[in-house]
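Presented below is the structure to which this report refers.
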2 protein chains.
Amino acid sequence: MDPALTTASSALVDETAAAIRARIMSGEIPIGAQLRQAELAKKLGVSRTPVREALRQLQTGGLIAVVPNRGAVVRVPAPWEVREAYEVRAELEGLACARAVRRITRDGLAELRLVNELLRPGDMPPDTASHAANDRFHIMIHHIAGNERLARVIREINEAFPRNVSALVLHEHPRHRDDNFAEHERILAALEAEDAETARREMQAHVIEAGEQLARWYERRSGTVFHGHGHGHGHGLA
Amino acid sequence: MDPALTTASSALVDETAAAIRARIMSGEIPIGAQLRQAELAKKLGVSRTPVREALRQLQTGGLIAVVPNRGAVVRVPAPWEVREAYEVRAELEGLACARAVRRITRDGLAELRLVNELLRPGDMPPDTASHAANDRFHIMIHHIAGNERLARVIREINEAFPRNVSALVLHEHPRHRDDNFAEHERILAALEAEDAETARREMQAHVIEAGEQLARWYERRSGTVFHGHGHGHGHGLA
DNA sequence: GGCCCAGATTCTGGATCCAATCACTCTATC
DNA sequence: GATAGAGTGATTGGATCCAGAATCTGGGCC
């Protein structure tokens, strides 16, 4: 990638941070769960020091919250936070799309279509693989846009919310998958037509819609689930 | 502010990070300088542990680069990095402006004008105070926009580049100050006219222009200065 | 029977210790 | 005289130690 932005660091902390982030993203460590340093250290086979620095990194990213003398917890996003973040993301993904129109090649467009075909309704059962394809569709556009900072900021926003929830939302109703696919198709059409403004608008609407679904999920969750009383129930680290 | 996004953490590391960041931002620690943990710890009156975690935080922000086993240095931004970052920032500040149009009050507008008056050409000599006023002008708009995530992302982008350089650029030529003031005036006019699209466009152009000036400064620097703070052939010293 | 206070346990956060890595220097050889 | 190599010094990174804070439990009191 880019040697300037790729802060290599000391490997161990970055690997530790990546490992913890992955477990949160996959839902293995659920939102609201306590992150005990000693437990993570033992599980990952390192001492507490790298774990502490890794947690600090994740805290900066906003994925977890560290309260003084009380440790770290996986943040439970409030619905308004999701809407705020996705409004920002929509603007940025719109920009990425507008830039991509001027830079995309025929091969790139074909590849993009290929990825989106994986999301065509009816083709496959709702699983995590199709959600990965969904991510890849967006990431490919960021790459085509050719602005590393832009891609990085979007990625940082996404990393503030566990992906398993997004996957859940995408698949909880067939309607969502159908809409998602159709929106992607409209974006592809605008890219092919080299219509930057339409591409931007379609992508913005697409992201806002996804954010709204996600926000509604968190709304339902806060309405139905007692978030609290988490005194050492299984932690889920296996 | 917001208890959810304000990751309070353990105070000491955050204070340490803020202190180091401030020294870099002010130019007291120049770009390219080595950041030795023991030295910083002694200077700040803490042990190396909080310093290490603070450096990790700053690394995540992109202000410094940490190379394994070789310590941290204040990053020297490449011109293309500045242009990339400011293109993203322009988009986001444009969004902030568009949102602000729909939310600003008469009092808010008056306050904004007052701050910008501090930047009127001829009123004061080029010093850091006027650059602080410049920052405040933008931050006030972010606040009025009422999207904390948006404000935070913009702030994070700004914190990737030392502010003293921005101040330097703003004042290195009277022309820059004049342009800067005039652009702010156009933004204010659009805000007062409740013309969201014009406000957005003016702010975008304003930020892009500032980014271009900053990028040019780094271009000149890399052309004239040995970057590497060269002890390359200095073995005969002392 | 419920509430409040005190002690003990657990965990985080700061400091210190030690090993490993890297840079720099001095020397020996070509 | 220049270059390659070994040795030494400095600095980072990982592990351990210790103190402070919070929580949980148990007992006493109302």
Side-chain angles (χ1 to χ4, degrees), chain A residues 3 7-20 29 32-60 63-75 227-237, chain B residues 3 6-20 29 32-60 63-75 226 228-238:
Chain A
T7 45
S9 157
S10 80
L12 216 267
V13 277
D14 283 339
E15 281 174 31
T16 305
I20 298 173
I29 303 176
Q34 285 275 342
L35 298 166
R36 282 186 288 274
Q37 297 176 356
E39 186 180 349
L40 289 170
K42 184 182 173 189
K43 186 69 60 180
L44 299 174
V46 296
S47 85
R48 272 182 56 211
T49 306
V51 172
R52 279 166 60 174
E53 294 184 28
L55 291 178
R56 198 64 65 189
Q57 271 185 309
L58 296 180
Q59 173 209 9
T60 306
L63 183 62
I64 68 175
V66 179
V67 284
N69 295 324
R70 285 181 54 187
V73 296
V74 182
R75 286 197 53 203
H227 43 295
H229 106 297
H231 65 292
H233 84 307
H235 66 279
L237 255 182
Chain B
T6 308
T7 45
S9 157
S10 81
L12 217 263
V13 276
D14 283 338
E15 281 175 30
T16 305
I20 298 173
I29 302 176
Q34 286 275 343
L35 297 166
R36 281 186 292 272
Q37 297 176 357
E39 185 181 346
L40 287 170
K42 185 184 173 188
K43 177 119 9 206
L44 299 173
V46 296
S47 85
R48 272 182 55 212
T49 307
V51 172
R52 280 166 59 174
E53 293 184 29
L55 291 179
R56 198 64 63 189
Q57 270 184 309
L58 296 179
Q59 174 209 9
T60 306
L63 183 62
I64 69 175
V66 179
V67 284
N69 294 323
R70 285 181 53 187
V73 296
V74 183
R75 286 196 53 204
F226 288 134
H229 60 298
H231 50 295
H233 54 77
H235 65 275
L237 209 156

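Keep in mind that what you see is a predicted model, and the values were worked out from it rather than measured. Chain identifiers are assigned alphabetically (A, B, ...) following the order of the sequence lines, protein sequences preceding nucleic acid strands; residue numbering begins at 1 within each chain.
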Quiz: residues 42-50 of chain B side-chain donor-acceptor pairs under 3.5 angstrom, not counting sequence neighbours:
residue, atom, partner, partner atom, Å
B:S47, OG, B:T49, N, 3.3
B:R48, NE, B:Q37, OE1, 3.1
B:R48, NH2, B:Q37, OE1, 2.9

Only one of A:R52, A:E53, A:R56 passes side-chain contact (heavy atoms from CB on, under 4.5 Å) with B:R52, and that residue is A:E53
Atom pairs, N/O to N/O, protein against nucleotides 5-7 of chain C, distance under 3.5 Å?
none

Rounded to whole Å, CG of B:L40 lies from C1' of D:dT12 at a distance of 13 Å
Once salt bridge (charged side-chain N to carboxylate O under 4.0 Å, His left out) is applied, do any residues pair with B:R36, and if so which ones, sequence neighbours excluded? B:E39
Here the gap from B:L35 atom CG to B:L63 atom CG, rounded to the nearest 0.5 Å, amounts to 8.5 Å
Between B:S47 and A:A38, whichever has its closest DNA chain C nucleotide further toward 5' is A:A38
Heteroatom pairs (N/O) under 3.5 angstrom, protein to nucleotides 18-23 of chain D:
none

Residue A:V46, side-chain atoms from C-beta onward, closest of C:dT16, C:dC11, D:dA15: D:dA15
Separation of atom CZ in A:R52 from atom P in D:dC17, rounded to whole Å: 15 Å
Looking only at the side chain of B:L12 (C-beta and beyond, no hydrogens), which of the listed nucleotides D:dG13, C:dG14, C:dG13 gets closest? C:dG14
Phosphate contact (D:dG13 OP1 or OP2) by B:Q37 side-chain N/O below 4.0 Å: yes
Taking the nucleotide of DNA chain D with the closest heavy atom to each, which residue, B:L35 or A:T49, is nearer the 5' end? B:L35
Interatomic distance where CG belongs to B:L55 and C1' belongs to D:dG13 [whole Å]: 13 Å
For A:V13 and A:A54, the nearest pair of non-hydrogen atoms, with its separation, is O-CB, 3.9 Å
Whole-Å gap separating P (D:dT11) and CD (B:E39): 9 Å
Evaluate the side-chain proximity of B:Q57 to B:D14: yes if any heavy-atom separation is below 4.5 Å, no if none is. yes
Search all heavy atoms of B:A72 against all heavy atoms of B:V66 and return the closest pair with its distance. CB-CG2, 3.9 Å
Look up atom CG in A:L58 and atom CD1 in A:I20, then write down how far apart they are to the nearest 0.5 Å. 6.0 Å
D:dG13 base to B:R56 side chain: any donor-acceptor pair below 3.5 Å? no
Rounding to an integer number of Å, can you tell me how far A:D14 CG sits from D:dG13 P? 11 Å
Grab the CD-P distance between B:E53 and D:dT12 for me, whole Å please. 16 Å
